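Notes to accompany the following structure.
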Amino acid sequence: MRKQLRLSGSGGQGVITAAIIFAEAAVSEGKEAVQSQSYGPEARGGASKSEVIIDDQPIYHPHVEVPDLVLAMTQKAADKYYADLNPEGVLVLDTDLVPEPPKFKNIIRIPITKLAVEEIGKSLFANIVALGALVRITGIVDFESIKKAVANRVPPHTVEQNMKALQVGWDAVPEK
């Protein structure tokens, strides 16, 4: 059941926080999970990525080798981090921030940042909108588990907005 995910964007977009929350939700369901991250040379604004491996067996190598899913929140992230994506995998793109999608057969385009601004009021919630979408796309963790993991990780006064952001992301995934 091993699933390898790579969340990428620019520093400050919250892809690392989103990956940590995803891993915590998986662990809360009794799964094994590891999470790692790397930043570009200019942390805020530079390319950043966070990777999560989730399995029901022990994980001995903590780095993603062939991701099953890549989330790209910027054009630079899409260009830099999708190349080793499993040919049967899924590339999830922020519609407005990735105007030139890479040539890949299975792309899901969602206006993640736009939805965060229009539905929750701040682009700050884009990572949680993305997380809601990823949970629906992958089916790796239950929606209730991700809600609990988000509530445990975000500042208490933002829990309600973050729950709304999760739901907005979940609802934004196009029907197959």
Side-chain angles (χ1 to χ4, degrees), residues 5-25 35 37 39-40 42-52 67 69-82 85 89-176:
L5 312 178
R6 177 177 297 141
L7 285 58
S8 62
S10 68
Q13 281 186 306
V15 295
I16 291 167
T17 301
I20 291 167
I21 292 170
F22 203 111
E24 287 176 353
Q35 184 274 328
Q37 63 224 20
Y39 306 87
E42 58 288 304
R44 216 166 193 27
S48 68
K49 71 171 175 170
S50 186
E51 297 180 331
V52 184
L69 179 142
V70 172
L71 165 71
M73 300 276 289
T74 64
Q75 185 71 52
K76 188 185 285 185
D79 296 341
K80 186 171 184 177
Y81 295 125
Y82 95 97
L85 178 57
V90 180
L91 180 58
V92 181
L93 304 175
D94 189 326
T95 309
D96 299 328
L97 299 181
V98 187
E100 297 172 28
K103 300 273 184 262
F104 192 76
K105 77 174 184 179
N106 195 6
I107 294 178
I108 298 176
R109 295 174 59 97
I110 300 172
I112 297 166
T113 303
K114 182 178 181 184
L115 286 169
V117 172
E118 290 178 356
E119 302 288 328
I120 298 98
K122 290 186 177 146
S123 63
L124 176 75
F125 294 100
N127 64 329
I128 305 300
V129 171
L131 196 55
L134 296 181
V135 168
R136 185 163 187 191
I137 291 164
T138 64
I140 297 170
V141 297
D142 291 332
F143 197 63
E144 286 305 309
S145 299
I146 204 71
K147 284 168 65 175
K148 287 179 189 149
V150 168
N152 288 336
R153 180 60 68 168
V154 301
H157 68 281
T158 68
V159 169
E160 193 176 319
Q161 290 168 300
N162 278 287
M163 292 303 119
K164 185 176 179 186
L166 271 176
Q167 190 65 54
V168 165
W170 177 273
D171 293 343
V173 175
E175 293 294 324
K176 289 182 179 173

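Just the heavy atoms: all of them, side chains too, but no hydrogens, waters or symmetry mates, feed the values below. It should be emphasised that the depicted structure is a prediction, and the values quoted were computed from it without experimental measurement.
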I'd like to check the salt bridge (Lys or Arg N to Asp or Glu O under 4.0 Å) partners of R109; sequence neighbours left out, ordered by chain and number. none
Does anything in residues 14-24 form a salt bridge (Lys or Arg N to Asp or Glu O under 4.0 Å)? List the pairs, not counting sequence neighbours. E24-R153
For K105, which residues count as a salt bridge (Lys or Arg N to Asp or Glu O under 4.0 Å) partner, sequence neighbours excluded? E88
Does any pair with a residue in residues 89-142 pass ring-ring contact (aromatic ring centres under 6.0 Å, His included), and if so which ones, sequence neighbours excluded? none
Kindly compute the distance separating CD1 (I16) from NZ (K49), expressed to the nearest 0.5 Å. 11.0 Å
Heavy-atom pair with the smallest gap, counting every atom of M73 and G9: CB-CA, 3.9 Å
Grab the two heavy atoms, one from I107 and one from P101, that are nearest each other, plus how far apart they are. CD1-CB, 4.1 Å
Can you tell me how far OG of S48 sits from OH of Y81, rounded to the nearest 0.5 angstrom? 6.5 Å
Pairs flagged by salt bridge (Lys or Arg N to Asp or Glu O under 4.0 Å) wherever residues 89-101 is involved - sequence neighbours left out: none
Distance in Å, E118 CD paired with S123 OG, rounded so as to fall on 0.5 Å steps: 12.5 Å
Are the side chains of I112 and T95 in touch, meaning some heavy atoms are under 4.5 Å apart? no
Sorted by chain and residue number, the side chain to side chain contact (heavy atoms under 4.5 Å, CB included) partners of A18 (sequence neighbours excluded) come out as L7, N127, L131
With sequence neighbours excluded, residues passing side chain to side chain contact (heavy atoms under 4.5 Å, CB included) with T138: L5, F22, L69, I140
Considering only heavy atoms from C-beta outward, does the side chain of V15 approach that of S8 to under 4.5 Å? no
Throw together a table of side-chain donor-acceptor distances under 3.5 angstrom for residues 144-151, partners on residues two or more places apart or in other chains.
unit_1	atom_1	unit_2	atom_2	d
E144	OE2	K147	NZ	3.4
S145	OG	E29	OE2	2.6

For L71, is there any backbone N or O sitting under 3.5 Å from a side-chain donor or acceptor partner on R6? no
Spatial distance of atom OG1 (T113) from atom NZ (K122) [nearest 0.5 Å]: 15.0 Å
Just distance, no hydrogens or angles: give the donor-acceptor pairs under 3.5 Å from side chains in residues 161-174, sequence neighbours left out.
unit_1	atom_1	unit_2	atom_2	d
N162	ND2	T158	O	2.9
N162	ND2	T158	OG1	3.0
K164	NZ	E119	O	2.7
Q167	NE2	D171	OD1	3.0

Salt bridge (Lys or Arg N to Asp or Glu O under 4.0 Å) pairs touching residues 123-143, sequence neighbours excluded, are R136-E175
From CD1 (I108) to CG (L91), nearest 0.5 Å: 9.5 Å
CD1 of I128 to OG1 of T17: how many Å apart, nearest 0.5 Å? 7.5 Å
Just to verify, what does D79 make a side-chain hydrogen bond (donor to acceptor under 3.5 Å, both in side chains) with, not counting sequence neighbours? Q75
Restricting to side chain to side chain contact (heavy atoms under 4.5 Å, CB included), what partner residues turn up for A23, sequence neighbours left out? A33, Q35, V52
Identify the heavy atoms of L93 and P102 that sit nearest to each other, and give their distance. CD1-CD, 4.2 Å
